[in-house]
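Just below is one structure, and these are the notes that go with it.
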Amino acid sequence: MMDVDHKAIAITLNQFASDNYAGICPEVWQAMQAANSGFASSYGDDLWTERACEKIRCLFETDCQVFFVFNGTAANSLALASLCRSYHSVICHDLAHVETDECGAPEFFSNGTKLLHIAGPDGKFDLAEVERTITRRSDIHYPRPRVLSLTQATEVGTVYAPEEIAAASDLARRYGLRVHMDGARFANAIASLGVAPADISWRAGVDVLCLGGAKNGMAIGEAVVFFDQQLAHEFEYRCKQAGQLASKMRFISAPWLGLLEGGTWLKNARQANDCAALLADELAAIDGISIIYPRQANSVFVQMPETVAAALRAAGWYFYSFIGSGGARFMCSWQTSREDVLQLAKAVRESCATIP
Ligand SMILES: *Cc1c(COP(=O)(O)O)cnc(C)c1O
């Protein structure tokens, strides 16, 4: 999906290309500032990191093991590597970030574990297809399925309901697979579902969650959360070897306090989701535009005439294009305002009106 040409130094309009175009939210900035006083022990042996881990345990209402890494690719890759041996395989969706957007990092960090990607409607698994992939072969020539990896919210902005995750986990368990969740937009899924974080993670059978921070309002950082603590065995060594152990860890961990204290994570996710909901309503009402996936989190996927896409780009709007011609993704963030959405909708409406 990475075909945005964005050379502009200063982007003046608020943008819809990705939620990582947004800045750092004020609460996170504040938390970094607060951590910037005096000296603190390095490599995570500090009070900020201890408090951030504790905060995440509170959020999930369980005694989980938490590690902070720099980005989502590292979080996913190292988490998957810790669940697998090199001859294992990971079942993921065709559109999964681990498959399409991590440059082979999961395979690299697991020394050869293979990703088996399968289709399913709306970015979600079709469980019959998952079961077929698990049971298709059991001979020594086939990389042994070991992990089922779900993305929540999915890459196309849909959200798995708690029962769907539980059903996927049950299936995985039945065949001895572990369950990994790529939660780069976990907060958006919670804002959409209105359930407790535990309900779509460990209570629904997830063993390891990669919890997104950057797209939720942080500058840098994701948390790897092990609900099954045995799976975290020696994980800190993996992080260090992969270049993912921050020496000034407090500046990676303290921002989580900014995000989690006072519910900023949820406020940010709601803002992004609400803007996407408004955008979906606005765009759905325009002749010539169709919404192609149910809008459940903070993105809106549409099909529109290529001339409209070109006109929007020429006018300075940024968004991702994909799936041939005219397919577009508009992504909202904590920083998107209703006014931004209405401006974009107006631009789309005007551009559509000029088509004969
Ligand atoms: C953004 C994103 C990630 C994290 O990507 P990094 O650029 O490595 O931080 C992981 N999974 C999904 C689904 C994402 O959208």
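Every number for a ligand or one of its atoms is a count from 1 in the order of the listing.
Of all the atoms in ligand 1, the ones that sit under 4.0 Å from a non-hydrogen atom of Arg185 are 15 (O). Near Asn71, meaning under 4.0 Å from one of its heavy atoms, ligand 1 places the atoms 8 (O), 9 (O). If you number the atoms of ligand 1 from 1 as listed, the ones under 4.0 Å from a heavy atom of Glu155 come out as 13 (C). Those atoms of ligand 1 that come under 4.0 Å of a heavy atom in Ala184, given as number and element, are 2 (C), 3 (C), 10 (C), 11 (N), 12 (C), 14 (C). In summary, the atoms of ligand 1 found under 4.0 Å from a heavy atom of Thr151, numbered by their order in the structure, are 13 (C).
Residue, atom and distance of the protein heavy atom nearest to atom 15 (O) of ligand 1 are Lys215 NZ, 2.6 Å. Of all protein heavy atoms, the one lying nearest to atom 11 (N) of ligand 1 is Asp182 OD2, 2.6 Å. The protein non-hydrogen atom at the shortest distance from atom 8 (O) of ligand 1 is Thr73 OG1, 2.5 Å. Nearest protein heavy-atom neighbour of atom 5 (O) of ligand 1: His97 CE1, 3.3 Å. In terms of protein heavy-atom proximity, atom 9 (O) of ligand 1 is nearest to Gly72 N, 2.9 Å.
Around atom CD1 of Ile118, more than 12 heavy atoms belonging to other residues, nucleotides or ligands sit under 6.0 Å away. Heavy-atom neighbours of Glu282 CD from other residues, nucleotides or ligands within 6.0 Å: above the threshold of 12.
By the 30° and 60° cut-offs, the orientation of the rings of Trp317 relative to Phe16 is tilted.
Below 3.5 Å of separation, one finds no N or O of Glu222 facing any N or O of ligand 1.
Two rings, from Phe330 and Phe319, have their centers less than 6.0 Å apart.
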>> Could you go through Asp139 and Arg137, starting from their C-alpha distance and side-chain angles, then the distance that decides it, and tell me whether this counts as salt bridge (charged side-chain N to carboxylate O under 4.0 Å, His left out)?
In response: CA-CA 6 Å; Asp139 60 87; Arg137 297 261 300 266; 2.5 Å; yes
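In summary, Glu54 and Arg51 do not engage in a salt bridge, as defined by a charged side-chain N under 4.0 Å from a carboxylate O.
Between Glu155 and His93 the shortest side-chain heavy-atom distance does not fall below 4.5 Å. For the pair Ile165/Val206, a side-chain contact is recorded, criterion being any heavy-atom separation below 4.5 Å from C-beta on.
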